[in-house]
Amino acid sequence: MQANSNAKFNLGLRNTESPLVSVITVCFNAASSLQATIDSLNIQTDKRFEYILIDGGSTDGTKELITANLSAIDLWISEPDGGMYYAMNKGAAAARGKYLSFLNADDSYLPHTISRIVSCAKFGTAPVIHGNMNKIKEIDGKIYHRVERPNPEFMPSGMGIFHPTCFVLESAFRQIGGYDTRYNLAADYALVLALWQKGQHFEYIDSPLANFSLGGASNSGCGTYSEAIQIQKRYGTGTALKTTALLWKCRVRKFARKSAYILAKATGTMAWIKNKQKSRWA
């Protein structure tokens, strides 16, 4: 696990004793979205968790937002780092919980999430606990929701579970070595795939555990496919060629989508495209 052992954490005001769960948020210039993430932790029905915030040295007011919410935070730090997964490893190294979770600054938990996880964590030691995800997309100023269920059997071909809903046993996380910082977008897939290939049990909770906002770094392009191909070759899943085909399809779709938007703006038919998006999410 690669992390900066010299990082000087600041103590928040919450400081939960012996937490069962450690929730870690890493962010950079997230002043516009971080408050909603913090608020979702404030309304948890079960308080047996600690909250750790790793900021990459933001300059947009994120640090000030963090200090204004110290009553919800156990530990926090704001300093330049080596990227998203480096920051996640840093947070994990400071965590005290039996289970680790990583909640992005533009995502949030449902009020019952920690309670559901604690119920599993108290009586079991499943290396991974996970559940359903509520995907959120904004179209033309309106918010649309869609609950999706995972399929761990899909793991050799791609991320079969949803990372925002994933709670990993700290000892299992440490044995794998944490997130591989050679990857910028798909280190979460590498971690979960490694656990899956070891035959570790994935405990499934048939309930939405996280709200996931579409448009983040790992879902805005085709880069995750490129890294997934490297990971699949490394772990010998036999699926790299299939993912290569998906990468090319992604690139074609991205080009076609961009061209369609340019054409729609030029011809005044943007409303038609938005209506098609709405029908898919209705």
Side-chain angles (χ1 to χ4, degrees), residues 1-7 9 21-28 30 37 49-57 75-107 109 117 126-130 133 150 152 155-156 158-198 200 202 209-210 212 216-221 223-237 243:
M1 185 190 306
Q2 301 177 25
N4 182 4
S5 59
N6 296 317
F9 282 87
V21 176
S22 295
V23 180
I24 300 163
T25 293
V26 304
C27 62
F28 179 70
T37 303
F49 68 94
E50 67 174 355
Y51 188 37
I52 298 172
L53 263 164
I54 310 295
D55 174 51
L75 293 172
W76 66 278
I77 191 170
S78 181
E79 64 179 12
D81 54 46
M84 177 171 62
Y85 293 113
Y86 181 96
M88 289 180 176
N89 284 341
K90 186 191 299 183
R96 300 172 296 154
K98 179 180 178 181
Y99 280 86
L100 308 177
S101 70
F102 299 87
L103 185 65
N104 291 336
D106 51 353
D107 301 329
Y109 285 147
I117 300 303
V128 177
I129 304 173
H130 68 108
M133 187 163 69
M155 202 67 68
M159 192 65 167
I161 66 176
F162 305 116
H163 190 244
T165 78
C166 188
F167 292 73
V168 181
L169 192 66
E170 190 276 337
S171 58
F173 182 89
R174 186 174 63 251
Q175 288 170 6
I176 293 296
Y179 291 108
D180 190 334
T181 55
R182 289 176 294 181
Y183 304 113
N184 296 316
L185 297 171
D188 50 342
Y189 173 49
L191 177 80
V192 176
L193 178 61
L195 291 168
W196 178 257
Q197 285 200 328
K198 286 180 177 293
Q200 302 282 17
F202 284 34
L209 298 180
F212 178 72
S218 63
N219 63 83
S220 59
T224 50
Y225 286 112
S226 296
E227 291 193 359
I229 292 167
Q230 299 174 39
I231 292 165
Q232 289 163 359
K233 288 180 178 178
R234 177 183 171 190
Y235 285 98
T237 63
T243 305

Checklist entry - With a 4.5 Å limit on heavy-atom distance, are the side chains of I24 and S101 in contact? => result no
Checklist outcome for this item: L193 and P156 have their tightest heavy-atom pair at CD1-CA, 4.3 Å
Next on the checklist: According to side-chain contact (heavy atoms from CB on, under 4.5 Å), who are the partners of Q175, at least two apart in sequence or on a separate chain?
Outcome noted: none
Item to check | Donor-acceptor contact below 3.5 Å, side chain Y85 vs main chain L185 | outcome: yes
Next on the checklist: If you compare all heavy atoms of D81 against all heavy atoms of K90, which two are closest, and at what distance to 0.1 Å?
Outcome noted: CB-NZ, 3.8 Å
Checklist entry - Does the distance from a Lys or Arg side-chain N to an Asp or Glu carboxylate O, for R234 and E227, drop under 4.0 Å? => result no
Checklist entry - Do N184 and M84 have side-chain heavy atoms sitting under 4.5 Å apart? => result no
Checklist entry - Atom CD1 of I231 and atom CE of M159: how far apart are they, to the nearest 0.5 Å? => result 9.5 Å
Checklist entry - Which pair of heavy atoms, one from L100 and one from A95, lies closest together, and at what distance? => result CD2-CB, 3.5 Å
Next on the checklist: Can you confirm whether F9 sits close enough to I54 that some side-chain heavy atom of one is under 4.5 Å from a side-chain heavy atom of the other?
Outcome noted: yes
Item to check | Set of residues satisfying side chain to side chain donor-acceptor pair (under 3.5 Å) with respect to T37, sequence neighbours excluded | outcome: none
Checklist entry - Residues in ring-ring contact (aromatic ring centres under 6.0 Å, His included) with F102, at least two apart? => result F173, Y179
Next on the checklist: Which residues pass the side chain to side chain donor-acceptor pair (under 3.5 Å) test with Y189, not counting sequence neighbours?
Outcome noted: Q232
Item to check | Partners meeting side-chain contact (heavy atoms from CB on, under 4.5 Å) with A105 (sequence neighbours left out) | outcome: T25, C27, A30, S33, L34
Next on the checklist: Could you check whether R96 pairs with E50 (Lys NZ or Arg NE/NH1/NH2 to Asp/Glu carboxylate O, under 4.0 Å)?
Outcome noted: yes
Checklist outcome for this item: Here the pair of heavy atoms bringing P127 nearest to Y99 is O-CE2, 4.3 Å
Next on the checklist: Ignoring hydrogens and geometry beyond distance, is a side-chain donor-acceptor pair present between D188 and Y183 at under 3.5 Å?
Outcome noted: no
Item to check | Set of residues satisfying side-chain contact (heavy atoms from CB on, under 4.5 Å) with respect to S226, sequence neighbours excluded | outcome: L247, R251
Checklist entry - Which atoms form the tightest heavy-atom contact between A228 and T243, and what is the distance? => result CB-CG2, 4.2 Å
Item to check | Result of checking L191, L195, I129, I161 against C166 for side chain to side chain contact (heavy atoms under 4.5 Å, CB included) | outcome: I161
Next on the checklist: If the condition is side-chain contact (heavy atoms from CB on, under 4.5 Å), which residues does T165 pass it with, not counting sequence neighbours?
Outcome noted: H130, M133, F162, L209, A210
Checklist entry - Excluding sequence neighbours, so at least two apart, what forms ring-ring contact (aromatic ring centres under 6.0 Å, His included) with F202? => result W196
Checklist entry - Mind checking whether L103 and Y109 have side chains closer than 4.5 Å, heavy atoms only? => result yes
Item to check | Worked verdict on V192 versus M155 for side-chain contact (heavy atoms from CB on, under 4.5 Å) | outcome: CA-CA 8 Å; V192 176; M155 202 67 68; 3.6 Å; yes
Next on the checklist: Is the shortest side-chain heavy-atom distance between Q197 and T237 below 4.5 Å?
Outcome noted: yes
Checklist outcome for this item: Contacts of D55 meeting side chain to side chain donor-acceptor pair (under 3.5 Å) (sequence neighbours excluded), chain-then-number -> S58, S78
Checklist entry - Any side-chain donor-acceptor pair under 3.5 Å between Y51 and S22? => result no
